[in-house]
There are 2 protein chains.
Amino acid sequence: MPHDHADLHPGQDDCLGCTSPDLAFARHDHDHCAADVLARAEQLAAASGARLTPVRKRVLEILLESHKAMGAYDVLQRLAADGFGNQPPVAYRALEFLVDQGFAHRIRRLNAFAACMHPGETHAPTFLICKACDAVAEAPAAPVRAALDAAAQAIGFAIERTNIEALGLCPACRTVAP
Amino acid sequence: MPHDHADLHPGQDDCLGCTSPDLAFARHDHDHCAADVLARAEQLAAASGARLTPVRKRVLEILLESHKAMGAYDVLQRLAADGFGNQPPVAYRALEFLVDQGFAHRIRRLNAFAACMHPGETHAPTFLICKACDAVAEAPAAPVRAALDAAAQAIGFAIERTNIEALGLCPACRTVAP
DNA sequence: CCTTGACGTGTTACAGTATAACATACATAA
DNA sequence: TTATGTATGTTATACTGTAACACGTCAAGG
Ligand SMILES: [Zn+2]
Ligand SMILES: [Zn+2]
Ligand SMILES: [Zn+2]
Ligand SMILES: [Zn+2]
């Protein structure tokens, strides 16, 4: 989904940075980053008939405020402050919707949720979680998934869903604390 | 660690089945399977100085009763029935020890724990979880881990620990419920 | 011998995560 | 209109995990 962007270099016809895997770990124009993902999610929802209601959209906005994963109860606090319900199911249901639609991912290692940074694109989510700054990036996972599929196929196992998560240090935090 | 096994074919000098990844999904001599792993764990503990105390050993035995993952509270119930403490920390501490020693793995998708089926061998654990029969197998993961390392290295991320889990249908359950 | 310190176990109490079940509201369709 | 499906809100409860302290054992060092 091409879009205008003031910072584009001459001859650059799209904001390539928006889909870069390491963007989460680098300083970048995150307002643009988040707005772009939100717009794409809205388009996808409209196209598929999925109802991105106020609560659900608000939850996605909240997740998109940073590249960190948020616990359901943190999301809930924000929702309550915005006048929505303040009971756990309110947050969990909205999060479940977003996950089902592919607009968010569940990071099981953290008992938390993160906005999907490239909704619509089919991707076997693979997460790199920085233990120092808590940022979460979706890494390019095609080769990982292929290797996993091969291992499964070798023994006749049919994979339906995967959770691939790696904990470590992002490029920025590595240099600070070796 | 070679060992005697009555079922070995002539010319077979070790129980190769014990390390086969799909063993968890196939009918097999599980008593032998579990006893073998337990013996290996005991040897490793003795060699490293790690203290495989009664509670810890009992927890490993409990995990080894099947190829399924068990929740900490299920383990705890069993411990209590055996006369050990019946408070959560008793189970969690023993499980933590086993995980630290590489005698068990934590399956985050299930909030549960499973015995490691090849302790001592360095392995980046990758789990195949059957959603029908709940069996959990550790798959050969070297290629998966290599692909993940490559993806991480490409953006300068230093991986420390990984959780790679796949949910699906095992060979046996596939044929029953397509 | 006795002390000291490390470690393992047991307990209380609590924190954090998640869901079941029911009530209400609103949309759309028959 | 009435019915039906879906979304939201609420109560209550279940499930998962940890902090902190008390007690016992054992080995090292006085
Ligand atoms: Zn961003
Ligand atoms: Zn970082
Ligand atoms: Zn077995
Ligand atoms: Zn199965």
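Side chains included, hydrogens not; waters and symmetry mates left out as well; all remaining heavy atoms used. Chain identifiers are assigned alphabetically (A, B, ...) following the order of the sequence lines, protein sequences preceding nucleic acid strands; residue numbering begins at 1 within each chain.
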Under-3.5 Å N/O pairs linking protein and nucleotides 28-30 of chain C:
none

If you restrict it to nitrogen or oxygen atoms, what contacts under 3.5 Å exist between nucleotides 4-8 of chain C and the protein, and what is each distance?
unit_1 : atom_1 : unit_2  : atom_2 : d
C:dG8  : O5'    : B:Arg56 : NH2    : 3.4

Listed pairs, N/O of protein and of nucleotides 20-25 of chain D, under 3.5 Å:
none

Derivation of the side chain to side chain contact (heavy atoms under 4.5 Å, CB included) call for A:Glu42 and A:Leu52: CA-CA 7 Å; A:Glu42 285 179 315; A:Leu52 193 53; 3.7 Å; yes
So B:Arg78 and B:Glu61, salt bridge (charged side-chain N to carboxylate O under 4.0 Å, His left out) or not? Walk me through it. CA-CA 11 Å; B:Arg78 298 289 308 275; B:Glu61 288 171 353; over 6 Å; no
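Within the 3.5 Å criterion, the main-chain N or O of A:Gly156 finds a donor-acceptor partner in the side chain of B:Arg174.
Applying the ring pair (Phe, Tyr, Trp, His ring centres under 6.0 Å) criterion to B:Phe157, with sequence neighbours excluded, gives A:Phe25. Partners of B:Val90 under the side chain to side chain contact (heavy atoms under 4.5 Å, CB included) rule, at least two apart in sequence or in another chain, are B:Val55, B:Leu76, B:Leu79.
Separating the CD atom in A:Glu165 from the CD atom in B:Glu165 is a distance of 7.0 Å, to the nearest 0.5 Å. Atoms CG and CG, from B:Leu63 and B:Leu95 in turn, are 6.0 Å apart once rounded to the nearest 0.5 Å. Here A:Asp29 contributes atom CG and A:Leu23 contributes atom CG; the two are 9.5 Å apart, rounded to the nearest 0.5 Å.
For the pair B:Gln153/B:Ile159, no side-chain contact is recorded, criterion being any heavy-atom separation below 4.5 Å from C-beta on. In this structure, B:Leu148 and B:Ile164 have side chains that are in contact, with non-hydrogen atoms separated by less than 4.5 Å.
Contacts between residues 59-85 of chain B and DNA chain D, defined by a heavy-atom separation below 4.0 Å, involve B:Tyr73, listed by number. Within residues 100-116 of chain B, the residues that place at least one heavy atom under 4.0 Å from DNA chain D are, in residue-number order, B:Arg106, B:Asn111.
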Tell me which donor-acceptor pairs under 3.5 Å the side chains of residues 128-136 of chain A have, and how far apart each pair is, sequence neighbours excluded?
unit_1   : atom_1 : unit_2   : atom_2 : d
A:Lys131 : NZ     : B:Glu160 : OE1    : 2.9
A:Lys131 : NZ     : B:Glu160 : OE2    : 2.7

Which atom pairs, donor and acceptor, lie under 3.5 Å between side-chain atoms of residues 104-113 of chain A and protein residues at least two apart or in another chain?
unit_1   : atom_1 : unit_2   : atom_2 : d
A:His105 : NE2    : A:His123 : NE2    : 3.1
A:His105 : NE2    : A:Glu138 : OE1    : 3.3
A:Arg109 : NH1    : B:Asn163 : OD1    : 2.4

All N/O donor-acceptor pairs, side-chain side in residues 67-75 of chain A, below 3.5 Å, sequence neighbours left out:
unit_1  : atom_1 : unit_2  : atom_2 : d
A:His67 : NE2    : A:His28 : NE2    : 3.1
A:His67 : NE2    : A:His30 : ND1    : 3.1

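Rounded to whole angstrom, the span from the CG atom of B:Leu95 across to the P atom of C:dT9 amounts to 12 Å. Distance B:Lys57 NZ to C:dT9 P: 14 Å, rounded to the nearest Å. Here C:dA13 presents its P atom at 10 Å from CD of B:Gln87, a figure rounded to the nearest Å.
Contact between the side-chain N/O atoms of A:Tyr92 and the OP1/OP2 oxygens of C:dT19 is not found at any separation under 4.0 Å.
Among residue pairs with one or both ends in residues 81-97 of chain A, those qualifying as side-chain hydrogen bond (donor to acceptor under 3.5 Å, both in side chains) are A:Arg58-A:Asp82; sequence neighbours excluded. Identified under the salt bridge (charged side-chain N to carboxylate O under 4.0 Å, His left out) test for residues 142-152 of chain A, with sequence neighbours left out: A:Arg145-A:Asp149.
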